[in-house]
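The next block holds one structure in the form of structure tokens; read it before the comments.
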Amino acid sequence: MYAVAEATAADTAHGGCPLAKGAAELAEHDETVARRARSAMEALRSLLEAGAR
């Protein structure tokens, strides 16, 4: 897991995830998008924390 995270962070040739960038941009103007993006990020964080234990 850490190797994948390091490789992703080191990849400067790509500009990131278009889905995440789109959600971030829309969340500023749409509460539904903001709520769903927040929920997805919280779920992802929980999964990563569980995997790190």
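Note: hydrogens, waters and symmetry copies are ignored here, and every other heavy atom, side chains too, is used.
Applying the side chain to side chain contact (heavy atoms under 4.5 Å, CB included) rule to Ala52 yields the partners Met1, Tyr2; only residues at least two apart in sequence or on another chain are considered. Looking at residues two or more places apart in sequence or on another chain, you find no salt bridge (Lys or Arg N to Asp or Glu O under 4.0 Å) involving Glu42. Looking at residues two or more places apart in sequence or on another chain, you find no salt bridge (Lys or Arg N to Asp or Glu O under 4.0 Å) involving Arg36. Contacts of Leu44 classified as side chain to side chain contact (heavy atoms under 4.5 Å, CB included), with partners at least two apart in sequence or in another chain: Met41, Leu48. With sequence neighbours excluded, no residue satisfies salt bridge (Lys or Arg N to Asp or Glu O under 4.0 Å) with Glu6.
Through direct or indirect side-chain contacts shorter than 4.5 Å among Ile, Leu, Val, Met, Phe, Trp and Tyr, Leu26 is connected to Val33.
For the salt bridge (charged side-chain N to carboxylate O under 4.0 Å, His left out) condition, the pairs that include at least one residue of residues 12-32, sequence neighbours left out, are Glu31-Arg35.
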